[in-house]
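Structure record follows, encoded as structure tokens.
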Amino acid sequence: QVQLVESGGGLVQPGGSLRLSCAASGRTFSNYAMGWFRQASGREPEFVAAVTYSGESTTYADSVKGRFSISRDNAKNTLYLQMNSLKPEDTAVYYCAAYQRGDYDARIGSWGQGTQVTVSS
């Protein structure tokens, strides 16, 4: 299994930007699709974005399209989520996840513990 540790969360004003990172270890990072999910207080977890093992294909939730960008650096075993034009409704705990294979049409195999993102003026 892969171990995942998120970082980069914090407090940002509406319209601001933030970049989250997810450091992976424990297995060959480049073999697996990676994704970001989030959970707002009192709500169910929701999908945010995912990227294939090669980084050549990405997908996004409608709520973040055009504002968020997922990427990965396989040489550094790190996943990123660049968040721009942040809105208060983006406030949530953000989790990175490793899928069970290289494409994101698969089940999640491992989860990180999450990092808090708060968007407020």
Side-chain angles (χ1 to χ4, degrees):
Q1 294 184 333
V2 62
Q3 287 74 53
L4 305 171
V5 180
E6 301 96 336
S7 63
L11 176 65
V12 64
Q13 294 192 83
S17 298
L18 204 61
R19 189 179 77 159
L20 305 183
S21 299
C22 175
S25 63
R27 67 180 183 183
T28 305
F29 175 75
S30 61
N31 286 353
Y32 302 95
M34 299 290 293
W36 289 97
F37 294 75
R38 67 186 183 186
Q39 184 172 22
S41 180
R43 296 184 179 273
E44 293 295 314
E46 64 175 333
F47 170 79
V48 176
V51 59
T52 56
Y53 75 98
S54 65
E56 294 181 348
S57 181
T58 60
T59 186
Y60 298 90
D62 289 342
S63 59
V64 305
K65 286 180 179 177
R67 300 188 299 119
F68 290 11
S69 179
I70 188 171
S71 62
R72 65 192 298 162
D73 187 337
N74 287 344
K76 297 181 179 179
N77 291 345
T78 303
L79 176 75
Y80 302 98
L81 183 68
Q82 178 66 48
M83 304 183 293
N84 300 322
S85 302
L86 283 162
K87 305 174 181 179
E89 51 263 46
D90 295 319
T91 296
V93 177
Y94 283 71
Y95 300 89
C96 65
Y99 289 77
Q100 293 183 346
R101 61 175 188 251
D103 66 279
Y104 41 70
D105 186 17
R107 300 186 70 178
I108 299 297
S110 301
W111 293 91
Q113 295 188 24
T115 185
Q116 177 71 47
V117 172
T118 302
V119 184
S120 177
S121 59

- prompt: Side chain of Arg43, backbone of Ala92: donor and acceptor closer than 3.5 Å?
  reply: no

query: Charged N to carboxylate O below 4.0 Å: is that the case for Asp90 and Lys87?
result: no

message: Ignoring hydrogens, what is the shortest heavy-atom contact between Gln39 and Glu44? Give both atom names and the distance.
response: CG-C, 4.2 Å

field: Pairwise disulfide bond (SG atoms under 2.5 Å apart) hits with a residue in residues 11-66, at least two apart
entry: Cys22-Cys96

task: Using the disulfide bond (SG atoms under 2.5 Å apart) rule, collect all pairs that involve residues 26-61, keeping only residues at least two apart or in two chains.
output: none

query: Is it the case that one hydrophobic cluster holds both Leu18 and Val48, taking links as side-chain heavy atoms less than 4.5 Å apart, direct or via other members?
result: yes

field: Backbone of Glu6 reached by a side-chain donor or acceptor of Gln113 within 3.5 Å
entry: no

- request: Please work out which of the three classes, parallel, tilted or perpendicular, describes the rings of Phe37 and Phe47, given edges at 30° and 60°.
  value: perpendicular

query: From Phe68 CZ over to Leu20 CG, what is the distance, rounded to the nearest 0.5 angstrom?
result: 8.0 Å

task: First locate atom OG of Ser121, then atom CG of Leu11, and finally report the distance between them rounded to the nearest 0.5 Å.
output: 9.5 Å

Only pairs under 3.5 Å count here: list side-chain donor-acceptor contacts from residues 79-86, not counting sequence neighbours, and write none if there are none.
from  : atom 1 : to    : atom 2 : distance (Å)
Gln82 : NE2    : Asn84 : OD1    : 3.0
Asn84 : OD1    : Ser17 : OG     : 2.9

message: Let me check something: do Tyr99 and Met34 share a hydrophobic cluster, defined by ILVMFWY side-chain heavy atoms less than 4.5 Å apart, either directly or through other members?
response: no

query: Can you name the closest pair of heavy atoms from Val2 and Ala98 and give their distance?
result: CG1-CB, 3.4 Å

message: Any heavy-atom pair between the side chains of Val119 and Glu89 that's under 4.5 Å?
response: no

- request: Assert yes or no for the condition that the ring centre distance of Tyr53 to Tyr32 is strictly below 6.0 Å.
  value: no

query: Are the side chains of Ser71 and Val51 in touch, meaning some heavy atoms are under 4.5 Å apart?
result: no

statement: For Ser63 and Arg38 the tightest heavy-atom approach is OG-NH2, 3.4 Å

Inter-residue atom distance Arg72.CZ - Thr58.OG1, 0.5 Å rounding: 12.0 Å

Cluster check Ile108, Val93: I/L/V/M/F/W/Y, side chain < 4.5 angstrom: yes

task: Name the orientation class of the two ring planes belonging to Tyr95 and Trp111 (parallel below 30°, tilted from 30 to 60°, perpendicular beyond 60°).
output: perpendicular

query: Within the distance-only criterion (no hydrogens, no angle test), does the side chain of Tyr104 pair as donor or acceptor with the backbone N or O of Ala49 below 3.5 angstrom?
result: no

field: Side chain proximity check, Ser21 to Lys76, heavy atoms < 4.5 angstrom
entry: no

field: Distance in Å, Phe29 CZ paired with Thr78 OG1, rounded so as to fall on 0.5 Å steps
entry: 6.5 Å

